[in-house]
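Per chain, numbering begins at 1; letters A, B, ... match sequence-line order. It should be emphasised that the depicted structure is a prediction, and the values quoted were computed from it without experimental measurement.
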Number of protein chains: 2
Amino acid sequence: MMLRQGALALAALALTAPGMAQDAVRSPDQIVAAAPARDWVTIAPQDLLVMTLAPDAEGNPRKVVIQLIGAPFSQGWVDNIRTLARDHYWDGMAILRVQDNYVAQWGQPDPGMGIAEKPVPEGLKRMSDADYTAGSPNWLTSSTLRATKEPQVIGDWPAPMLTDPYGDYATFREGWPIAGIQQMHIARQWPVHCYGMVGVGRGNPPDTGDGSQLYAVIGHAPRHLDRNLAVVGRVVEGIEHLSSLPRGKGPASYYADPAKRVPILSVRIAADLPESERPHLQYLSTESESFARYADARANRRDPFFVASAGGADICNIPVPIRAVAAE
Amino acid sequence: MMLRQGALALAALALTAPGMAQDAVRSPDQIVAAAPARDWVTIAPQDLLVMTLAPDAEGNPRKVVIQLIGAPFSQGWVDNIRTLARDHYWDGMAILRVQDNYVAQWGQPDPGMGIAEKPVPEGLKRMSDADYTAGSPNWLTSSTLRATKEPQVIGDWPAPMLTDPYGDYATFREGWPIAGIQQMHIARQWPVHCYGMVGVGRGNPPDTGDGSQLYAVIGHAPRHLDRNLAVVGRVVEGIEHLSSLPRGKGPASYYADPAKRVPILSVRIAADLPESERPHLQYLSTESESFARYADARANRRDPFFVASAGGADICNIPVPIRAVAAE
């Protein structure tokens, strides 16, 4: 339908998922609901961070669960976060900053905030901005890089490829949205700042973030932060406990009134919790046929409400499906 | 820096704004702050909708100001909204639905919500899905359409052109973010669903929305709604009074508990308010040199915090600057 699709003549390279015709009127949610058990991946308890906030004004509990990102991305910071959680470093700290259409931020207070600085545990790794990206396998050529607007499964890369205004392409890798550049001598990938993604706060020098201050995206994807801040995970449960907080009224939307800060009761790695308190979550494999169909349906809505099909989608509008399951 | 930029060899078509070299380290905010008065456009009082919500739990006032979109987009619905406001139609209604990372919705209750239906005033226009888009001037050719990731001012179109995953291009028109398709026989443009944009709720048939139920985007731009729902404006003040509300817990995130609905005290066209109560707002002309520099800086952050420059931006990450000014 789009001019550019025709101009690039990529049809021969595209492998659409088999059986896609039957998705003619299925919504993305229906495709996800129909995904077989084999297409879901259980998130390991050592990859889940459970942040318990003080109850809300009505006494309702508030729990935020974060999935930590896997290799090859940001692993030094992820290691630090596990060390900090096992030190109970964040217990008694607070949500310090909530900026509309941007981030909610918590943890180590900035100097001058009227909160005593707490020493970080020994042994934290010092990371540099080189670690914001990772090398990518050599599976793309410049011709496949001219990705179309529609999600395509290209060559031997199993996840859909997308046009991206920020990289040479965007795609998915083991459950994570990523973008990449592919040049003659440089091929790099990085996790992207979509809604709900969690990153490491830092000062101006790029090596000043150790993982003790974190933020979650609560607005339109601030993709200009990609490769400038370390993405360490994403909120997989309870994002509304961050996104619906009152916005801060101080500089950079830090809370000017300390009474507005929501206290953090505890932050734990799920593997360190009793079995009965662990969240049990799965993500839809981004290498599965179900995900390819889901991505296609997000880009080409055919369910009855829609009269015009976009013919494309940006990577952050194809959120990776997450589901809670019963304990085994 | 990006492969595709080189491959498309568009440099000869690009007219970068003069004096851009001096923006080497200026942040987007600094560029906006330095924009001369002539680059700001006053929003007419007949184009501003003032929604006053009940005060919050602490008694703080909550006012949401919406700028209605101008021709050629959605003008039938915008006319209806002025008619509804002058009828005081929304007074006593409520915010009915708040869905995380999606929309806050208010106005006419859906059947079965336990709220008496209120008749709409006479004379509302009935619009069809053909009105979701508008014809565009014939100023693009297929060669200029291969826009680069970086904002470019192309040919005689004064606003920056952007790569877009949803259209053949994205750009700005008299203060509004728009996308378009350009084919041999069809050239259409439409306003896009960025954060804060306001649209018309409807049932499944696309002509069922009259403007009496509205929503504002409070999450990542749901661009799949483009051309499927009528964009009628954007929140230019007070979006936090919608985005920070508790999320609904009923189906589609409508409030299951009626007590959670925030009452609407009144909705008025600013031109109908006493002069002392009118908001005075301006937007940065999207056809100005200041805006071209601002867009370039959003796509290529050079201020000291940044270590990697994206080399591109999506249209919704270049929000049109709005400022409040003193009454004249």
> If you look only at pairs with a residue in residues 193-208 of chain A, which of them pass as a salt bridge (Lys or Arg N to Asp or Glu O under 4.0 Å), with sequence neighbours excluded?
Replying inline: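 Every pair satisfying salt bridge (Lys or Arg N to Asp or Glu O under 4.0 Å) with a residue in residues 193-208 of chain A: A:R126-A:D207.
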> How long is the gap from CZ on B:R227 to OG on A:S309, to the nearest 0.5 Å?
Replying inline: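 Answer for the CZ-OG pair, B:R227 versus A:S309, is 8.0 Å.
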>> So, taking the atom named CD1 in B:I239 and the one named CZ in A:R247, what distance separates them when rounded to the nearest 0.5 Å?
In response: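 With rounding to 0.5 Å, CD1 (B:I239) is 9.0 Å from CZ (A:R247).
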Heavy-atom contact with chain A under 4.5 Å, split by part of [X]:
X: B:Q99; value: neither
X: B:P222; value: backbone
X: B:L229; value: side chain

>> Just by distance, no angles: are the side chains of B:D314 and A:H220 close enough, under 3.5 Å, to form a donor-acceptor pair?
In response: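 Side-chain D/A pair, B:D314 to A:H220: present.
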Please find the pair of heavy atoms, one from [X] and one from [Y], that lie closest to each other, and give the distance.
X: B:P304; Y: A:N204; result: CB-ND2, 3.7 Å
X: A:N317; Y: B:A221; result: ND2-O, 2.8 Å
X: A:P246; Y: B:S244; result: CA-CB, 4.4 Å

> Ion pair present between B:K260 and A:E58, side-chain N to carboxylate O less than 4.0 angstrom?
Replying inline: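 Yes, B:K260 and A:E58 are salt-bridged.
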Side chain from CB out, backbone as N, CA, C, O: work out which of these in [X] comes under 4.5 Å of a heavy atom of chain B, or both, or neither.
X: A:N101; result: both
X: A:F305; result: both
X: A:R301; result: side chain

